[in-house]
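Encoded as structure tokens, the structure appears first; notes follow it.
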Amino acid sequence: MKTYKIALLPGDGIGRDVTDAAWAVLEKASSAAGFTLSGTSYPWSCDYYLQHGSMMPADGIDILKSFDAILLGAVGWPAKVPDSVSLHGLLLPIRKAFVQYANIRPHRLLPGVQGPLKADGFDILCIRENTEGEYSGAGGRVHQGTDDEVAVETSIFTRKGVERILRFGFEQARARRGKLASVTKSNAQKYTMVFWDEITQALAVEFPDVEVTSYHIDAMAARMVMVPQSLDVVVASNLFGDILTDLGAAIQGGLGFAASANINPDRTAPSMFEPVHGSAPDIAHLGIANPIAAIWSGAMMLDHLGEEAAARDVMAAIEATTARGIGAIPGKDKTDTITTAVLSALGQ
Ligand code: IPM
Ligand code: MN
């Protein structure tokens with residue numbers, strides 16, 4: 001029987017609650033579809049940091065390298081460890097080391113879920129650049145604590161990095177409804193975003209079947225609220241994509257429904273799957289976190305592994321569950337109630 005090795009990183013807070021839920025669903029889906037998921041869990045988290053002085057061991061990246069995929073819950077517990085330390089010690093290094101340059105985030109309303117907008121017929125796939133741009137981590141501070149203090153943080157856009165994420169966006173658009181929105185701000189940022197626009201235009205020649213439009217980030221934010229149904233694939237830089245995908249989560253009913261995949265499209269290293277939401281320390285281990293974003297992220301993992309039928313089964317089970325009103329209203333149902341409903345919908 002085909003076996004996939006999965007590294008489980010539940011992380012902090014509700015990350016553990018939702019990873020357990022997703023794993024139960026994925027295990028059931030895999031055995032029904034005739035393959036095996038072999039999971040190994042690592043306790044890397046803020047608690048691990050308090051014990052060991054680092055978010056993961058020095059050879060953490062080497063350990064993860066041998067897996068077929070990584071399923072992550074959430075990272076961060078600011079009362080224990082500053083976010084700037086915990087995220088730069090676990091989540092962000094994995095995305096960079098494994099060249100997971102495409103962060104894919106689907107935004108649509110699940111059946112039975114009431115979003116805040118009047119519009120309901122939208123189906124957006126956001127593709128966020130995930131390794132460079134505004135989050136490159138290049139910068140520094142001098143004269144700290146004095147009146148002369150200076151802080152700089154430099155955005156880094158490389159031809160290689162911009163070209164590959166835009167190409168990925170074009171390819172996704174080609175496989176969907178043929179429309180690509182490229183998010184820019186070249187009216188104000190005259191180096192990086194003009195560069196981004198030029199590469200968008202150059203690639204458009206290779207994809208005559210894709211209708212590409214550039215939108216400034218501010219106008220795109222408004223468009224996602226006013227006419228989200230006009231959008232298909234949206235491709236954006238790291239910061240712009242980060243912001244737009246929280247907006248995307250909001251219009252799809254909340255962060256409890258927002259799934260994501262950190263993909264290495266070249267498959268030179270494992271990809272990582274995680275809900276968009278954070279660790280929510282205030283509700284950690286109360287059994288009330290919505291596991292749907294994590295389960296959906298798990299379905300994206302199955303799809304990436306080539307188990308498309310099992311991925312579709314998991315999505316159908318999620319949809320059957322929310323269609324019955326279970327897990328559809330933020331805060332209403334317990335994690336277990338939702339997980340049990342998804343498990344029993346599987347295969348029906
Ligand atoms: C996300 C998160 C992270 C990011 C943070 C926690 C560093 O907001 O996955 O969207 O900005 O990438
Ligand atoms: Mn974010």
Side-chain angles (χ1 to χ4, degrees), residues 9-16 18-19 22 44-46 48-49 55-56 69-107 124-139 153 155-157 161 165 168 183 217 220-221 224 234-264 270-282 284 289-290 292-294 296-298 300-301:
L9 302 181
D12 295 297
I14 62 165
R16 277 158 52 190
V18 300
T19 308
W44 306 340
S45 59
C46 290
Y48 184 94
Y49 182 94
M55 291 295 292
M56 61 175 158
I70 303 162
L71 189 67
L72 182 135
V75 180
W77 195 300
K80 296 178 184 172
V81 180
D83 281 345
S84 57
V85 172
S86 60
L87 276 318
H88 284 277
L90 190 58
L91 179 70
L92 300 175
I94 296 173
R95 288 179 180 168
K96 286 186 181 141
F98 292 152
V99 207
Q100 296 165 350
Y101 68 80
N103 189 323
I104 308 183
R105 297 179 166 182
H107 302 297
I124 303 172
L125 192 68
C126 275
I127 312 285
R128 163 188 177 190
E129 202 292 320
N130 215 26
T131 54
E132 56 166 45
E134 307 87 341
Y135 295 179
S136 295
E153 187 136 3
S155 295
I156 295 182
F157 287 80
I165 194 64
F168 188 81
V183 181
I217 173 69
M220 175 54 78
M224 281 179 65
V234 174
V235 63
S237 67
N238 211 332
L239 168 68
F240 291 170
D242 186 21
I243 297 169
L244 287 179
T245 53
D246 260 42
L247 179 56
I251 66 171
Q252 75 189 125
L255 280 160
F257 303 109
S260 93
N262 302 275
I263 300 285
N264 171 328
S271 294
M272 176 165 67
F273 302 81
E274 51 157 340
V276 176
H277 63 68
S279 59
D282 53 325
N290 190 336
I292 287 182
W296 188 343
S297 304
M300 294 173 83
M301 181 178 88

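One-based numbering, in listed order, for ligands and for the atoms of each.
Looking at Ser279, its side chain does come within 3.5 Å of a backbone N or O of Gly76 through a donor-acceptor pair. One N or O on the side chain of Ser297 and one on the backbone of Ser260 form a donor-acceptor pair closer than 3.5 Å.
Annotation: protein N, O or S atoms under 2.8 Å of the Mn ion (ligand 2) (waters excluded) comprise Asp242 OD1.
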From CA spacing to verdict: side chain to side chain contact (heavy atoms under 4.5 Å, CB included), Val75, Met55
CA-CA 10 Å; Val75 180; Met55 291 295 292; 3.8 Å; yes
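For the pair Gln252/Ile124, no side-chain contact is recorded, criterion being any heavy-atom separation below 4.5 Å from C-beta on. Contact check for Val234 versus Met224: no side-chain heavy atoms found under the 4.5 Å cut-off.
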Can you give the donor-acceptor pairs under 3.5 Å from side chains of residues 235-251 to other protein atoms, not counting sequence neighbours?
unit_1 : atom_1 : unit_2 : atom_2 : d
Ser237 : OG     : Glu134 : OE2    : 2.7
Asn238 : OD1    : Arg128 : NE     : 3.0
Asn238 : OD1    : Arg128 : NH2    : 2.8
Asn238 : ND2    : Glu132 : O      : 3.2
Asp242 : OD2    : Tyr135 : OH     : 2.8
Thr245 : OG1    : Arg105 : NH1    : 2.9
Thr245 : OG1    : Gly241 : O      : 2.8
Thr245 : OG1    : Asp242 : O      : 3.1

Which N or O atoms of ligand 1 sit under 3.5 Å from a protein N or O, and how far apart is each pair?
unit_1   : atom_1 : unit_2 : atom_2 : d
ligand 1 : 8 (O)  : Asp242 : OD1    : 3.4
ligand 1 : 9 (O)  : Arg95  : NH2    : 2.8
ligand 1 : 9 (O)  : Arg105 : NH2    : 2.8
ligand 1 : 10 (O) : Arg105 : NH1    : 3.0
ligand 1 : 10 (O) : Arg105 : NH2    : 3.2
ligand 1 : 10 (O) : Arg128 : NH1    : 3.1
ligand 1 : 10 (O) : Asp242 : OD1    : 2.9
ligand 1 : 11 (O) : Arg128 : NH2    : 3.3
ligand 1 : 11 (O) : Asp242 : OD2    : 3.0
ligand 1 : 12 (O) : Arg95  : NH1    : 2.6
ligand 1 : 12 (O) : Arg128 : NH1    : 3.2
ligand 1 : 12 (O) : Arg128 : NH2    : 2.8

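The side-chain hydrogen bond (donor to acceptor under 3.5 Å, both in side chains) test with Glu274 singles out one residue from Asn103, Thr19, Asn262, and that residue is Asn262.
For Arg16, the salt bridge (charged side-chain N to carboxylate O under 4.0 Å, His left out) test picks out no residue, with sequence neighbours left out.
The minimum heavy-atom distance between Ser136 and Gly133, with the atom names listed, is OG-O, 2.8 Å.
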